[in-house]
Engineer: 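Below is one structure. I have some questions about it.
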Amino acid sequence: MVKDLIILGAPGAGKGTLSADLCPLLKIKHISTGDLLREVVESGSALGQEIGGYIKTGALVPDEVIGRMIKEQLNTAECRNGVLLDGFPRTPPQAEMLENILADLQRRITAVFFLNIEQEQVVNRLIHRVSCRKCGKPYHLINLPPKKSGICDDCGGDLIQREDDREETIRKRFATFLEKTQPLIDFYDRKKLLLPINAGNNPQETLRIALADLEALLNNIK
Ligand code: AMP
């Protein structure tokens, strides 16, 4: 069965970590719009410069840019078995856009994970977050530091801090989440697709709960 999943949650809720754990197990592709956008910014193109301006301030990139990117991704062979969408949809119009893109492919959303977290916990997590430039592995400088300062334990790549992981921008991103993305929680709840998870758990426990909840939802659907 094709599984098209969404992961919702404020910045710093642990969407990237849960996605990295879930996707190999479910054999589906992880699509992070934030990662895709950062790649375009790094390319230095005119579009990249425009996108960089939105990301720096914690504002949302226009829907048409995101829609094009998602459509392109969903049409690739790697996404045939399903996807885990991380960072998209972020607004009700994007949710509608996604339904249309999936309907054209005769697919629909299977389930929506929601990682629930408080603002102060987000700030604490993100101001200490660094990740590997090469493989993307995340670290927390206090709770989960690398063995050697500035170097990834797994691949030896440089550890970098995201430009938007500064306190002022983190608070802006959290406010944007509450204003623009929170309505999606009710939207998917009404469709009986929502799987809420407490994001305060450790990654192993979060993975265990996510798998168990997904299985329960799929069994109810059958
Ligand atoms: P993230 O890595 O998901 O925290 O995203 C980082 C930044 O990329 C956000 O603060 C937005 O500026 C932009 N972004 C990511 N996904 C989207 C989206 N679906 N719609 C609009 N902007 C997005």
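Counting from 1, the numbers follow the sequence of the chain as shown. Remember, it's 1-based here, ligands and their atoms both numbered in the order they're listed.
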Engineer: Test: salt bridge (charged side-chain N to carboxylate O under 4.0 Å, His left out). Region: residues 132-147. Which pairs qualify, not counting sequence neighbours?
Structural biologist: Lys137-Asp154
Engineer: Between Glu99 and Lys191, does any NZ, NE, NH1 or NH2 come within less than 4.0 Å of an OD or OE carboxylate oxygen?
Structural biologist: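 Salt bridge present between Lys191 and Glu99.
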Engineer: Ion pair present between Glu72 and Arg68, side-chain N to carboxylate O less than 4.0 angstrom?
Structural biologist: no
Engineer: For Arg166, what residues pass the salt bridge (Lys or Arg N to Asp or Glu O under 4.0 Å) criterion, not counting sequence neighbours?
Structural biologist: none
Engineer: Can you list everything that forms a side-chain hydrogen bond (donor to acceptor under 3.5 Å, both in side chains) with Glu120? Sequence neighbours excluded, please.
Structural biologist: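 Once residues adjacent in sequence are excluded, the partners of Glu120 under the side-chain hydrogen bond (donor to acceptor under 3.5 Å, both in side chains) criterion are Arg171.
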Engineer: Can you spot which of Leu36, Val61, Leu60 makes a side-chain contact (heavy atoms from CB on, under 4.5 Å) with Ile66?
Structural biologist: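 Exactly one pass, corresponding to Val61.
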Engineer: Can you list every protein residue that has a heavy atom under 4.0 Å from any atom of ligand 1, sorted by chain and residue number?
Structural biologist: Thr33, Gly34, Leu37, Arg38, Ile55, Ala59, Leu60, Val61, Ile66, Gly87, Phe88, Arg90, Gln94, Arg162, Asp164, Arg173
